[in-house]
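In this text, all values refer to a predicted model and were calculated from it rather than measured experimentally. Quick note: residue numbers are just sequence positions, from 1.
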Amino acid sequence: MEQAFDLDSFIAKARRLGIDTQRVEVKEAAQGLPKSIVDTISAFANGSGGIIVCGLSEKHGFIPVDGFDPRRVSNALAQACSDKMEPRIRARIDVEDFEGALVVVAHIPELPPYMKPCYVKARPLYDGAFIRVGDGDRHLSRYEVDRLLEERRQPHHDEAVVERATLADFDTKLKEAFIERVRSTSSRMVKELPSDDILRIKGAADYDEEGVLRPTLAGIMALGSYPQQFFPRAKVSFLVVPGLSKADLSPEGERFIDSRFIEGPIPYLIDETLYHVRRNMRISSRIEGAFRTDTEEYPEVAVREALANALMHRDYSPEGLGSQVQVNMYDDRIEIMNPGGLYGPVTVGTLGMLGEAAARNQVLAGILEATPYSPGSDQGEVSSARFQPEYVVENKGTGFYQIRTALDQAGMEPPAAYDHISTFQLLIYKKQPQAADAEEGCISSEVALGADSAEGAAAQFGAGRPSAVEYAVIEFLGEEEAVRAEDVVRRTGKSRATVNRLLNRLISQGLVERIGGHRGPGVAYRLPRA
């Protein structure tokens, strides 16, 4: 659907900014259509569409250009869209009045996924395809072009035979549970097949050129004992950052609070990553009458579904296997990213809608719907107390719907999704501060500290009124000669990221001082000495 565009409103905004924008490109075109216009047409068509305005001068404050010929430019622009682009672009080109002059406004539509990439016909495909970034156009990388070309056909990377693998590289428990599930849900003909034949017809194994039955990529990722033996980067990188960006540092000067690579087959990747997410997020506790209620910062079902989707739909092409799925925890959000953007007819706008589903890795998706969720693993036993789905995915196109539903039930905003061709990014944000159990207004039941004495301690230093959590931290520091950040975490029940932020804020207010250097095991905190 074409987006509405108001020329007057845009120019007013552009004059304030001093530049054009991601969605709108302004060209003078006083001497005719500039050669670079085809780059912009390609960039808009490969992205989300956009607007080209000809006849205004950006460098002179977006004013009409003397000598501009709207008929000549509109004809040249129509010809460029039709004859110079592959595939042809069906643009809507209008001539509009602006401040007493005529300008040309061209609406460049986004191409459907199966027609991308759009490129300049006079150049080779890998040199003539562009994408819009900020207010400029950049070449699509070879990897991005390849991913767009895959939209024209069903990828089969997950079906590839892993030449160095044997059936002995399957995890025995996973394989046997998978075969049992297939037999229990299939026709009588399939139930009676030998185990190796079931692996083959379900795409978990196939014959190589010499007739040897070996695991496929999909089979080894879902059921293998150690897939990273064959695909070292097909893992999860997990990172906890002490702030809102990777440039932030903890009070001790650390860049990361927790950093690790998680390996194993997909069921174990999901389970162990969830284990580390739980270790690094805050659990708020409320006492209502005789009962205690624990609330997680992030609903586990939402994080699990997002991670399962990332591992199932990621790009498993030879180029894509050079990158891992990333899970990054910041103070205000969890970010989950996977190689490869959205596939097929699905767009950011249609995620979670009924009937809008497509699987880049069809074989892998089919295997995962019959793959048990970490049976008998240490991590599985940890997670089973809270959430233990029977199989890795439902494969019914409901994953994103479940994420939205879980967040809505927790009173949280919907996830933010971004499709970057080479990467898909999903952000899950914490509740806003005004929520009933927001961080600054809710002390967990483990914090049994009096606000009155904390308030007196704060007033002693002449600072502004601290929050309830800061009161608790100040009073704890008043009880000890010096404490470490880990001691505050244990005492308050807050996450390490929350404690780091609180300590940084108290230090900036002069309520707390750091001793023992700026980083390392010797760093501690105390109330300032008189």
Side-chain angles (χ1 to χ4, degrees), residues 113-114 143 146-167 169-171 174-175 178-179 181-182 196-209 212-236 263-270 305 307-325 337-346 357-373 391-397 399 421-424:
Y114 64 86
Y143 176 76
D146 288 341
R147 299 291 71 74
L148 290 174
L149 289 173
E150 279 189 347
E151 299 286 343
R152 303 181 182 183
R153 60 188 185 276
Q154 177 64 47
H156 297 282
H157 302 298
D158 57 332
E159 301 175 44
V161 171
V162 182
E163 295 294 342
R164 294 186 293 117
T166 69
L167 299 187
D169 290 307
F170 283 129
D171 179 279
L174 284 174
K175 181 187 72 172
F178 168 77
I179 292 172
R181 173 64 173 173
V182 171
D196 286 359
D197 286 350
I198 289 179
L199 292 173
R200 180 180 56 79
I201 66 173
K202 289 297 181 179
D206 202 356
Y207 293 108
D208 65 10
E209 294 180 354
V212 178
L213 188 64
R214 298 184 185 277
T216 61
L217 187 152
I220 210 72
M221 287 304 306
L223 308 173
S225 56
Y226 185 60
Q228 290 72 31
Q229 173 185 354
F230 309 102
F231 310 109
R233 302 288 286 179
K235 54 190 173 184
V236 174
E263 300 179 324
I266 288 175
Y268 292 80
L269 291 177
I270 295 171
E305 287 297 327
L307 184 56
N309 284 345
L311 290 164
M312 181 170 67
H313 295 299
R314 64 155 290 166
D315 175 27
Y316 285 102
S317 70
E319 299 85 2
L321 280 168
S323 300
Q324 69 270 16
V325 169
M337 297 193 296
N338 60 268
L342 291 173
Y343 172 76
V346 180
R360 170 183 277 111
N361 306 301
Q362 288 186 339
V363 171
L364 177 62
I367 294 173
L368 290 177
E369 69 181 353
T371 299
Y373 184 68
Y391 299 97
V392 174
V393 299
E394 291 184 348
N395 199 22
K396 297 177 181 176
I421 300 179
S422 61
T423 306
F424 180 72

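Remark: the Glu150 side chain and the His157 side chain contain an N/O donor-acceptor pair separated by less than 3.5 Å. Using a 3.5 Å distance cut-off with no hydrogens or angles, the side chains of Asp315 and Tyr343 do not pair a donor with an acceptor.
A donor-acceptor pair under 3.5 Å is formed between the side chain of Asn338 and the backbone N or O of Gly340. Looking at Asp169, its side chain never comes within 3.5 Å of a backbone N or O of Gly224 through a donor-acceptor pair. A donor-acceptor distance shorter than 3.5 angstrom exists from the side chain of Asp158 to the backbone of Leu364, with no hydrogens or angles considered. Formation of a donor-acceptor pair under 3.5 Å by the Arg152 side chain with backbone atoms of Leu148 is not found in this model. Using modelled atom types, one side-chain atom of Gln228 and one backbone atom of Gly264 make a donor-acceptor pair closer than 3.5 Å. A donor-acceptor pair under 3.5 Å links the side-chain atoms of Gln154 to the main chain of Ala359, judged by distance alone. Not one N or O on the side chain of Arg360 forms a donor-acceptor pair closer than 3.5 Å with the backbone of Gly344.
Side-chain atoms of Val212 and Tyr207, non-hydrogen and from C-beta on, never get closer than 4.5 Å to each other. Within the 4.5 Å cutoff, the side chain of Phe170 has no heavy atoms near those of the Ser225 side chain. Within the 4.5 Å cutoff, side-chain heavy atoms of Arg147 are placed close to those of Ser317. In this structure the side chain of Thr166 reaches within 4.5 angstrom of the side chain of Arg214, judged on heavy atoms. Contact check for Thr216 versus Glu159: no side-chain heavy atoms found under the 4.5 Å cut-off. No side-chain heavy atom of Val363 sits under 4.5 Å from any side-chain heavy atom of Leu217. Two residues are said to be in side-chain contact when any heavy atoms from C-beta on lie closer than 4.5 Å; Val325 and Arg314 meet this criterion. No side-chain heavy atom of Leu223 sits under 4.5 Å from any side-chain heavy atom of Pro265.
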Practice task
Check step by step if side chain to side chain contact (heavy atoms under 4.5 Å, CB included) holds for Ile179 and Val182.
Solution key: CA-CA 5 Å; Ile179 292 172; Val182 171; 5.7 Å; no
Practice task
Start with the C-alpha distance between Phe230 and Glu163, add both sets of side-chain angles, then the distance that settles side chain to side chain contact (heavy atoms under 4.5 Å, CB included), and finish with yes or no.
Solution key: CA-CA 9 Å; Phe230 309 102; Glu163 295 294 342; over 6 Å; no
Problem - side chain to side chain contact (heavy atoms under 4.5 Å, CB included) between Glu263 and Tyr226, worked out - result: CA-CA 7 Å; Glu263 300 179 324; Tyr226 185 60; 2.9 Å; yes
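In this structure, Arg233 fails the cation-pi test against Phe231, since its NZ or CZ atom is not both closer than 6.0 Å to the six-membered ring centre and inside 45 degrees of the ring normal. A cation-pi contact links Arg181 to Tyr391, judged by a cut-off of 6.0 Å to the six-membered ring centre and 45° from its axis.
To the nearest 0.5 angstrom, Ser323 atom OG is 11.5 Å from Lys235 atom NZ. The CD atom of Gln362 sits 11.5 Å away from atom CE of Met312, with the distance rounded to the nearest 0.5 Å. Atoms OG1 and CG, on Thr423 and Leu342 in that order, are 11.0 Å from each other to the nearest 0.5 Å. The distance from atom CG of Asp196 to atom CG of Leu199, rounded to the nearest 0.5 Å, is 6.0 Å. Here the CZ-CD1 distance, from Phe178 to Ile198, works out to 8.5 Å after rounding to the nearest 0.5 Å. For the atom pair CD1 (Ile201) and CG (Asp206), the distance works out to 12.0 Å, reported to the nearest 0.5 Å.
Closest non-hydrogen pair, Pro267 versus Thr371, comes out as CG-CG2, 3.5 Å. Of all heavy-atom pairs spanning Ala165 and Ile220, the tightest one is CB-CD1, 4.4 Å. Considering all non-hydrogen atoms of both residues, Ile367 and Gly219 come closest at CD1-N, 4.0 Å. Here the shortest heavy-atom pairing between Leu311 and Ile270 reads CD1-CG1, 3.7 Å. Here the closest non-hydrogen pair linking Leu174 and Tyr268 is CD1-CE1, 3.5 Å. Nearest heavy-atom pair, Leu167 versus Ala205, reported as atom, atom and distance to 0.1 Å: CD2-CB, 4.2 Å.
Contacts of Pro113 classified as side-chain contact (heavy atoms from CB on, under 4.5 Å), with partners at least two apart in sequence or in another chain: Glu151.
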